[in-house]
Every structure is written in C-alpha cells, then in structure tokens.
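Position 1 is the first residue of the sequence; numbering continues from there.
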Amino acid sequence: MLTGLLFAFCATVLNSGAGLLQSAAAQQSTSRTHLALRPLYVFGLVVDGLGWICTVVALRHLPVFAVQAALGLSIALTAVATWGIYGVRLRVVDRLGVGACVLGLGVVAGSAGGEAPADFSGTAIVVLVSAVAALAVAAIGVWRLTAAWPLALIAGLGFGGTSLAVRAVHVQPDSGFDVGQLAGQPATYLIGLFWVVGITTYSRALTIGSLSGVTAVFSVTEVIVPGLVGIVLLGDPIRHGWLIPFAAGLVVAVAGVVALANAPVQTTGHRRRRHVR
C-alpha cells in the first residue's frame with residue numbers, strides 16, 4: 001500500500017507540472033496546430049506521460065478510489081504555482097473553493113478502503129466501451145462553446161476512464177511485459193481512446209479558461225466518477241463507518257468546483273485578468 005501511495009503522490013506532482021506547462025503553451029497559441037508544435041506543450045506531454053506511468057503503478061497497489069483522490073489534490077499544487085508564477089491573485093471565493101476541493105478530496109481519499117484491486121468483469125468492459133464512445137460524441141458537441149467547464153468535465157471523465165481501463169488490463173503476475181498478451185485485450189486500446197479524448201478536451205479547455213478553474217472541474221471529476229464506478233463495478237469498499245464522511249466530502253468538493261468555475265484567467269505574457277463567460 002505504501003508503494004501505491006508513493007507513486008500516487010509522484011503522479012500528483014507530475015500532473016500539476018504538466019498542466020502548468022500546457023497552460024503556458026496554450027495561452028500563447030491561437031490554433032491547435034501551433035499548440036501541438038510548441039516545445040512547452042510537447043514537454044508538458046512528456047511530463048504528463050511520466051505522471052501516467054506513476055498512476056499505472058499506483059493502480060496496481062491501490063483501489064481506483066484512493067489513487068484518483070490522491071491525484072485530485074493536484075489542484076492545490078496548481079493554485080499555489082499559479083499564484084507564484086503568474087502573479088494571479090485569487091479572489092476570496094476562489095481561495096475558499098480551493099480549500100473546499102482539497103478538504104473534500106482529502107476526506108474522499110480517507111474514505112477509500114485499502115484492499116488490493118479487484119478483477120474487471122465483461123460487463124465493465126462493455127460499460128467502458130460505451131462510455132468512451134459517448135465522451136467522443138460529447139466532446140464534438142461542446143468543442144466550440146465559449147465556456148471551459150464542459151470541456152474540463154469531459155477531460156476529467158476521459159483521464160478517469162484511462163485509470164479504469166488500466167485496471168481492466170489483466171496481467172499475469174509471472175508473465176512480465178508480454179506485448180502479445182496486452183495486444184489481445186480490448187482494455188489496452190481503451191486506454192489510448194480515453195487518453196485522446198482527455199488530452200484534446202483538456203488542451204482546448206486551457207485555451208479558453210483559467211488554469212485554476214479548469215483544474216478544479218477536471219480534478220474533482222477525475223476523482224469522483226472513476227471512484228464511484230470502482231465501487232459499483234469492482235466492489236472497491238468504503239472504509240467501515242465512513243459512509244457519511246464520504247458523502248460529505250463529495251458535497252464539499254463539488255461546492256469547491258462551483259466556486260472555481262469562473263476563476264480569473266491568467267496570461268503568461270501580461271498579468272491581465274478576465275473572466276470566462
């Protein structure tokens with residue numbers, strides 16, 4: 001369990017750094033083509049990939065619920081870094097929102113049981129296939145909206161789906177890295193599909209919204225939905241006697257998202273402020 005927590009913490013730090021790099025590149029770009037070619041954005045993808053590897057290791061030792069809740073704490077790191085790097089002064093309501101997200105996600109993480117991951121069923125694979133198809137359609141539908149939160153919501157679901165897909169991959173303990181075994185499983189391809197949906201919508205959200213607001217919606221969605229799926233389809237347990245704190249943590253975290261949804265947008269070249277409409 002300690003190994004899982006260590007890798008989950010490393011993934012949290014790396015994900016926060018990747019978000020900062022990608023946001024800096026997005027704020028300087030006017031098109032997807034230019035964004036994809038910017039060194040900062042490419043470097044952010046590399047850092048994001050390292051964070052994903054740490055997440056995979058953590059998911060092999062802890063339930064989805066615990067890993068995703070740890071990852072959601074990246075919002076605190078992102079908020080502090082945004083203030084320190086860009087000089088963005090968050091409003092009182094934004095600071096309260098950050099605190100609510102951190103507190104709520106912390107309680108959610110503490111509510112998760114520490115049992116080893118369970119096996120995925122065939123029904124769960126069907127659910128994941130249907131989910132990635134629905135997310136792709138939703139992403140197309142909201143792509144040109146001026147509000148960033150729908151894209152951030154889909155991004156959170158997309159990256160949350162990658163965690164569930166990782167759990168769905170069956171690896172024999174004594175088989176090592178068997179490419180043939182991985183290639184023969186639908187879950188392997190689901191990892192890539194969920195990731196594509198997540199990274200495209202996340203990048204788009206960063207171009208039109210604030211880093212703190214996008215991260216808040218993204219992080220809490222990435223925690224709550226996969227965690228609930230893990231409880232329903234995998235039987236990931238809530239710690240005995242923690243049902244009420246678990247529910248309260250969800251409510252507080254969502255309240256924090258609502259508070260941060262209209263946070264000010266930072267620009268890297270000038271310290272201006274505007275609000276997402």
Side-chain angles (χ1 to χ4, degrees), residues 8 11 15 19 48-49 51-53 55-56 58-60 62-72 74 105 108-109 112 117-145 147-171 182-206 214-238 246 250 253-254 257 261:
N15 288 348
D48 200 31
W52 181 78
I53 292 173
T55 302
V56 171
L59 285 167
R60 291 299 172 183
L62 294 172
V64 172
F65 214 92
V67 174
Q68 296 305 109
L71 295 178
S74 64
L105 291 175
V108 167
D119 291 331
F120 253 67
S121 64
T123 301
I125 294 294
V126 173
V127 170
L128 290 183
V129 171
S130 302
V132 74
L135 286 179
V137 173
I140 295 173
V142 303
W143 188 260
R144 296 190 178 279
L145 295 181
W149 71 263
L151 290 160
L153 179 68
I154 294 173
L157 294 174
F159 282 112
T162 63
S163 296
L164 291 169
V166 167
R167 282 281 300 276
V169 174
H170 180 68
V171 179
L182 295 176
Q185 301 183 53
T188 302
Y189 305 99
L190 285 171
I191 294 172
L193 292 174
F194 274 116
W195 183 85
V196 169
V197 172
I199 194 63
T200 53
T201 50
Y202 182 66
S203 299
R204 171 65 177 169
L206 287 176
V214 168
T215 302
V217 176
F218 168 84
S219 297
V220 177
T221 303
E222 188 185 22
V223 171
I224 293 176
V225 177
L228 292 178
V229 172
I231 291 173
V232 174
L233 293 182
L234 293 179
D236 287 346
I238 297 174
F246 162 75
L250 291 182
V254 171
V257 169

**OP:** Might you point out which heavy atoms bring R204 and R144 nearest each other, and give the distance in Å?
**Re:** NH2-CA, 4.1 Å
Quick one: side chains of residues 151-159, donor-acceptor pairs under 3.5 Å with protein atoms, not counting sequence neighbours, listed by atom name and distance.
none

Distance-only donor-acceptor hits, side chain of residues 128-141, under 3.5 Å, sequence neighbours excluded:
unit_1 : atom_1 : unit_2 : atom_2 : d
S130   : OG     : V126   : O      : 3.0

Original post:
Between I191 and A165, which heavy-atom pair has the shortest distance, and what is it?
Top reply: CG1-CB, 3.5 Å
Subject >> Shortest non-hydrogen contact from G51 toward A11 >> reply: O-CB, 3.4 Å
Original post:
Of the non-hydrogen atoms in P186 and I125, which two are nearest, and what is the gap between them?
Top reply: CB-CG2, 4.3 Å
**OP:** State, to 0.1 Å, how close G160 and P226 come at their nearest heavy-atom pair, and which atoms those are.
**Re:** CA-CG, 3.4 Å
Subject >> Heavy-atom closest pair, residues T200 and V196 >> reply: OG1-O, 2.7 Å
Subject >> side-chain contact (heavy atoms from CB on, under 4.5 Å) between D48 and W195, intermediate numbers included >> reply: CA-CA 11 Å; D48 200 31; W195 183 85; 4.3 Å; yes
Original post:
Given N15 and F218, is the side-chain contact (heavy atoms from CB on, under 4.5 Å) satisfied, shown in steps?
Top reply: CA-CA 12 Å; N15 288 348; F218 168 84; over 6 Å; no
Subject >> For S163, side-chain hydrogen bond (donor to acceptor under 3.5 Å, both in side chains) partners two or more places apart >> reply: Q68
**OP:** Mind checking the OG1-CG spacing from T188 to L193? Nearest 0.5 Å is all I need.
**Re:** 11.0 Å
